[in-house]
Amino acid sequence: MSNKKLPPLNALKAFESAARHLNFTKAAEELFVTQAAVSHQIKLLEDFLNVKLFHRKNRLLELTELGNQYFDDIRPLLEHIATATDKIRQKNNRQVLTISVPQTFGMHWLVPRLNDFHQKFPDIEVRIKGVDQDEGLLGKEIDVAIYYGTGHWQNVESVRLNESPLVILASPEYLEQYPVNGPDDLIGKTLLHVFSRNKWKRVIEHFGLLSEIDIDEIGTMFSHTFMALQAAMHQQGIAIANKIVAQHELEQGHLIEPFSTGLYDEKSFYVVYPPEMSEITKVKYFVEWIVEEINLC
């Protein structure tokens, strides 16, 4: 390629536009230059090639035979250059947003909805880092995080996403075999716990069933909510969870809420980020998107 002299790019652009429109004036408007500049570039290209590219007939512009051949040859090449240039520019403009998220929230709420974020913000590449703890540490590599707690954290900005109900959940198959229509039907059922027995204890106490159900002896304990939800989907018992993390299973019909607890989770999900990131575009877009999206649930 180094031994082959290429024509000026501006001359090629002027020729391609003029040949496509068969009009120097329209080519000038498209390229944001004067008609005289287009004529000058065409003359440069004709001198470079030592051929005539256009005929003028009664104020009409026509391609010569060689001009038409040249147009057919270079047009796809110019389009390929434009496409390659756009790809490089998009990669150069791409922003990376790293999110730290509790595994259950990530698996059951965030990941199923990420495609919507990608469609709205195609220049932002999302990287998800799953964490075991509800309140992770914002390391230097983390732009924004999802915390599950009471909202009292130092040295971070936090936005509460939603106040979410506590929901009782079981699979359709389980409920067909072991009907649950109200609080009294929980007596004798296998209860699935996460971290501690506090959520179930609160519900059982709310319904005045502490004398009927021994929370400390009944049920299986899981370290993550998604494990309890999986167990419930496999008819192993009745789970209890923040409705946000069970939203996908409820929407898909994998789990059913047989009756309402009438209670809200004492903890909430928050989107959290360092104060210095508050004006960073990618963080602002994500915070605005997740607040809007979660309020649609």
Side-chain angles (χ1 to χ4, degrees), residues 1-99 110-128 143-144 273 277-293 295-296:
M1 177 63 72
S2 59
N3 294 326
K4 297 180 180 179
K5 190 176 180 182
L6 295 175
L9 181 58
N10 283 340
L12 287 177
K13 289 167 58 180
F15 168 68
E16 190 278 335
S17 182
R20 182 161 31 87
H21 292 293
L22 291 177
N23 188 297
F24 282 6
T25 301
K26 289 184 179 179
E29 292 173 354
E30 182 176 84
L31 298 173
F32 299 101
V33 296
T34 64
Q35 182 179 347
V38 171
S39 297
H40 177 68
Q41 292 296 334
I42 298 298
K43 181 67 168 59
L44 284 178
L45 186 59
E46 288 179 330
D47 290 345
F48 180 89
L49 298 172
N50 196 29
V51 298
K52 194 167 183 63
L53 298 171
F54 291 98
H55 288 307
R56 289 185 178 274
K57 291 185 177 180
N58 300 324
R59 296 185 180 180
L60 296 178
L61 197 65
E62 292 183 357
L63 285 164
T64 65
E65 183 178 349
L66 288 177
N68 192 61
Q69 177 185 324
Y70 194 54
F71 175 65
D72 289 341
D73 285 342
I74 70 163
R75 187 177 186 185
L77 299 178
L78 290 174
E79 290 176 352
H80 185 72
I81 292 172
T83 300
T85 302
D86 283 343
K87 286 182 180 179
I88 293 297
R89 292 178 66 184
Q90 287 175 12
K91 289 183 178 179
N92 187 49
N93 293 332
R94 180 174 288 274
Q95 303 178 70
V96 176
L97 179 71
T98 304
I99 306 169
L110 182 58
V111 171
R113 291 168 172 80
L114 266 184
N115 189 53
D116 180 74
F117 183 80
H118 290 318
Q119 289 182 346
K120 291 179 178 176
F121 306 102
D123 292 333
I124 300 178
E125 176 184 327
V126 175
R127 297 179 182 176
I128 303 292
D143 298 310
V144 64
Y273 49 92
M277 299 292 286
S278 60
E279 296 303 316
I280 301 300
T281 301
K282 61 184 180 181
V283 172
K284 290 176 66 175
Y285 283 163
F286 179 76
V287 172
E288 291 171 1
W289 171 81
I290 196 171
V291 168
E292 179 180 353
E293 188 71 19
N295 282 323
L296 295 177

Using the test ring pair (Phe, Tyr, Trp, His ring centres under 6.0 Å), find all partners of Y70 that sit at least two apart in sequence or belong to another chain. F15
Quick one, E46 with V51, criterion side chain to side chain contact (heavy atoms under 4.5 Å, CB included). Give me CA distance, side-chain angles, the key distance, then yes/no. CA-CA 5 Å; E46 288 179 330; V51 298; 5.7 Å; no
Using the side chain to side chain donor-acceptor pair (under 3.5 Å) criterion, which residues pair with D72? Sequence neighbours excluded. none
In the structure I gave you, are the side-chain heavy atoms of L77 and D73 within less than 4.5 Å of one another anywhere? no
With rounding to the nearest 0.5 Å, note down the distance linking CD in Q69 to CD in E65. 7.5 Å
Only pairs under 3.5 Å count here: list side-chain donor-acceptor contacts from residues 28-38, not counting sequence neighbours, and write none if there are none.
from	atom 1	to	atom 2	distance (Å)
E30	OE1	S17	OG	2.7
E30	OE1	R20	NH2	2.8
E30	OE2	R20	NH1	3.1
E30	OE2	H21	NE2	3.1
T34	OG1	A37	N	3.1
Q35	OE1	T25	OG1	3.2

F121 and V126, any side-chain heavy atoms less than 4.5 Å apart: no
Any donor-acceptor N/O pair, Q41 side chain to A11 backbone, under 3.5 Å: yes
One should read off an interatomic distance between F54 CZ and I42 CD1, to the nearest 0.5 angstrom, of 4.5 Å
So L12 and L45, do their side chains get closer than 4.5 Å, heavy atoms only? yes
So among I124, I280, D123, which one has a side chain to side chain contact (heavy atoms under 4.5 Å, CB included) with Y285? I124
Pairwise distance CG(L53) to CG(L66) - rounded to 0.5 angstrom: 8.0 Å
Is there a donor-acceptor contact under 3.5 Å from the side chain of N68 to the main chain of T64? no
Would you say the side chain of I128 lies within less than 4.5 Å of the side chain of L110, judging by non-hydrogen atoms? yes
Residues two or more places apart in sequence or in another chain: which of them pass salt bridge (Lys or Arg N to Asp or Glu O under 4.0 Å) with R75? E16, E79
If I compare all heavy atoms of K5 with all of F48, which pair ends up nearest, and what's the gap? O-CZ, 3.7 Å
Point-to-point distance, once rounded to the nearest 0.5 Å, from CD of E62 to NZ of K57: 4.5 Å
If the condition is salt bridge (Lys or Arg N to Asp or Glu O under 4.0 Å), which residues does K52 pass it with, not counting sequence neighbours? none
Can you name the salt bridge (Lys or Arg N to Asp or Glu O under 4.0 Å) partners of K43, sequence neighbours left out? D47
Can you check side chain to side chain contact (heavy atoms under 4.5 Å, CB included) on K284 and E279, steps first, answer last? CA-CA 7 Å; K284 290 176 66 175; E279 296 303 316; 3.7 Å; yes
Note, V144 side chain near M277 side chain (heavy atom, < 4.5 Å): no
What I'd like to find out is whether the side chain of L97 reaches to under 4.5 Å of the side chain of R127, using heavy atoms alone. no
Point-to-point distance, once rounded to the nearest 0.5 Å, from CG of D116 to CD of Q119: 6.5 Å
Rounded to the nearest 0.5 Å, what separates atom NZ in K13 from atom CG in L9? 5.5 Å
